[in-house]
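Reading through the structure tokens given below for one structure.
Remember, it's 1-based here, ligands and their atoms both numbered in the order they're listed. Values below: every heavy atom of this structure, side chains too, minus hydrogens, waters and symmetry copies.
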Amino acid sequence: MAEMMPQSALVPDSDYIIIGGTGDLALRKIFPALFWRFLDGQVTSSFRLIAAARQEISKKDFADRLRPFCEEALYHADTKDTDFELFLKLVHLVKLDILSGEGADRLATLVHEKAKADRPCIFYLAVAPSLFGPSCQLLKSAGVVLPQSRLVVEKPLGHDYASAEAIGTELQAVFDEKQIYRIDHYLGKETVQNLMALRFANVIFESQWNNAAIDHVQITVAETVGVGQRASYYDDSGAIRDMVQNHILQLVCLVAMEPPSHFDADQVRDEKLRVLRALRTPDLGDVMRGQYQDYEAELGKSSNTETYVALKLAVNNWRWAGVPFYVRTGKKLATRASEIVITFKSKPHDIFANGRSSADQDDLPNRLIIRLQPAEGVKLQLISKEPGPGGMRLFPAELNLSFDDTFGGRLPDAYERLLMDTARGNQTLFMRHDEVLAAWAFIDPILRDTAERPPALYKAGTFGPEDNLSGQGPSFWIDPQSDFRSEQPDSHS
Ligand code: NAD
């Protein structure tokens, strides 16, 4: 297949002001993403990238700290030796203390030097959420909150409903909702966006996308790493807050939402909100919490925090009544992979069933598998006849749309897409305040009901506790990266 290189949309000249500009998020994600966009020509020499940091730092030290995170871009075949130096010319370093306000005057001067109505001025708060409120107030008192200003924040947006509401109030006290960009980086992933293309740009799926044709949906977000250095931070959070409240519920929304009438930020978000509001609080038996065996040793104390969770969700509306959404996520699991698997209903009658039990027939449903990472792609599992004269032997074959094969080259990281969307003023892939609150409204009762229950222990390198959801054994789950061909086809003549 001919390679299709991704086209880049035009982005207006902009100022990015990264507050917490020398922190981990800034150095590991934000600046490397901006460097890739610079290499691609979307970030031009007219941009300014202002790193506002609490400590004074020289350009050379900043470059030395950033360089290791840009290695992939630096060693890319098309990157020239001078590119990193040229990129660094766009970077301005400002000393800024959010709490004392020291440095705010200098930042204001810098911002006003280029302030123009058509030049977006994007403040990215790469600091702890406890500093979101003080940061907004400081920007306001420094006089840099202009009509063209935008604000970017990301998780954790609260610990529960009440704290999420408080954060929203702090942001909205200074910025209009239309200026606020709440990142859930899952929404910037190419395959996640492709889910919308798949559903709403093709007719063949939409007519099947309901409880008449779909048996159930599974979503797995599996990590192989443990909590490591982040143990004490993680212990206050756990898998439900860290992964389900945001990323996984966003995936559920994209699978379950009704088609909006336009691909427009508020219409897409209205439809996602309806899904969140249609979620029914699961029974206790439909929540399985797990903890990997070494977790307490790593943390240095006993803990009820879950490093794994599986949930059976019900979306209470006409389209999805009776279709369970099984979701699971965990650390120290067998593979690192994120996948959505749509399993269609069994055929009403099997003309090949001669001599087979009905249970065998159920083994061969159609499945649509959307792989978010690694090796992004979409597969449609169909039942086919094994070639050869050995009778009518059926096996699951697949139509495989591998993004790598189709588009070649590298797929941009989610942050690249999302950062450019902030400059383009496109909020479609960002969460609105009411969405964040609706997600917490669903999560809060689960947290409350399970807090005192000790999680089931599981071995590292497995797919979670053996006794899984509502008596469903581990074999019920469709593990990512399974080779579909290895599922035992039934042979019969
Ligand atoms: P970090 O500790 O590495 O960086 C925080 C930065 O805030 C530091 O550079 C620190 O100097 C600065 N800071 C603290 N107090 C300040 C003050 N008074 N004035 C000015 N600057 C101040 O943390 P991080 O990993 O970059 O995370 C920042 C936030 O982003 C956290 O809420 C985190 O949960 C979230 N986050 C991080 C990542 C990631 O990949 N690191 C991913 C998603 C979300």
Under 4.0 Å to a heavy atom of Leu131 - the qualifying atoms of ligand 1, by number: 14 (C), 15 (N), 16 (C)
Under 4.0 Å to a heavy atom of Ala126 - the qualifying atoms of ligand 1, by number: 5 (C), 6 (C), 28 (C)
Atom 43 (C) of ligand 1 [closest protein heavy-atom partner, distance rounded to 0.1 Å]: Glu154 OE1, 3.1 Å
Atom indices of ligand 1, in the order listed, that fall short of 4.0 Å to a heavy atom of Leu96: 19 (N), 20 (C)
Donor-acceptor pair, side chain of Arg280 and main chain of Val315, under 3.5 angstrom: no
Interatomic spacing from CD1 in Ile30 to CD in Glu154 - rounded to 0.5 Å: 6.5 Å
Arg54, Arg230, Gln55, Glu102: member with heavy atom nearest to atom 14 (C) of ligand 1: Arg54
Per-atom contacts, ligand 1 versus Arg28 - under 4.0 Å to a heavy atom: 39 (C), 40 (O), 41 (N)
Those atoms of ligand 1 less than 4.0 Å from some heavy atom in Ala128: 32 (O)
Atom indices of ligand 1 within 4.0 angstrom of Asp97 heavy atoms, with elements: 17 (C), 18 (N), 19 (N)
side-chain contact (heavy atoms from CB on, under 4.5 Å), paired with Phe325, selected from Leu251, Leu311, Val275, Val217: Val217
Donor-acceptor contact below 3.5 Å, side chain Arg328 vs main chain Ala310: no
Atom 32 (O) of ligand 1: nearest protein contact (heavy atom, Å): Pro129 CD, 3.2 Å
Distance-only N or O hit between ligand 1 and Pro156, under 3.5 Å: no
Gly23 neighbourhood, listing ligand 1 atoms whose heavy-atom distance to it stays under 4.0 Å: 3 (O), 4 (O), 9 (O), 26 (O)
Cationic N near anionic O, under 4.0 Å, Glu56 to Lys95: no
Closest protein heavy atom to atom 7 (O) of ligand 1, given as residue, atom name and distance to 0.1 Å: Val127 CG1, 3.4 Å
Carboxylate-amine/guanidinium proximity below 4.0 Å for Lys59 and Glu85: no
Test item: Trp477 side-chain N/O and Phe463 main-chain N/O as donor-acceptor pair under 3.5 Å: no
Side-chain donor/acceptor of Tyr295 to backbone N/O of Ser302, under 3.5 Å: no
Side-chain donor/acceptor of Ser163 to backbone N/O of Gly158, under 3.5 Å: no
Student check: side-chain heavy atoms of Leu368 and Leu198 closer than 4.5 Å: yes
Shortest protein heavy-atom distance from atom 30 (O) of ligand 1, along with the residue and atom involved: Leu25 CD2, 3.5 Å
Which of the ligand 1 atoms, numbered from 1, are nearer than 4.0 Å to a heavy atom of Lys155: 34 (O), 35 (C), 36 (N), 44 (C)
Protein residue, atom and distance nearest to atom 19 (N) of ligand 1, heavy-atom basis: Ile98 N, 2.9 Å
Main-chain N/O of Arg453 paired to Arg289 side chain as donor or acceptor, under 3.5 Å: yes
Atom 2 (O) of ligand 1 protein-contacted (non-hydrogen atom, under 4.0 angstrom): no
Tyr233-ligand 1 polar pair, N/O distance under 3.5 Å: no
Taking atom 41 (N) of ligand 1 as the reference point, the nearest protein heavy atom with its distance: Asp24 OD2, 2.7 Å
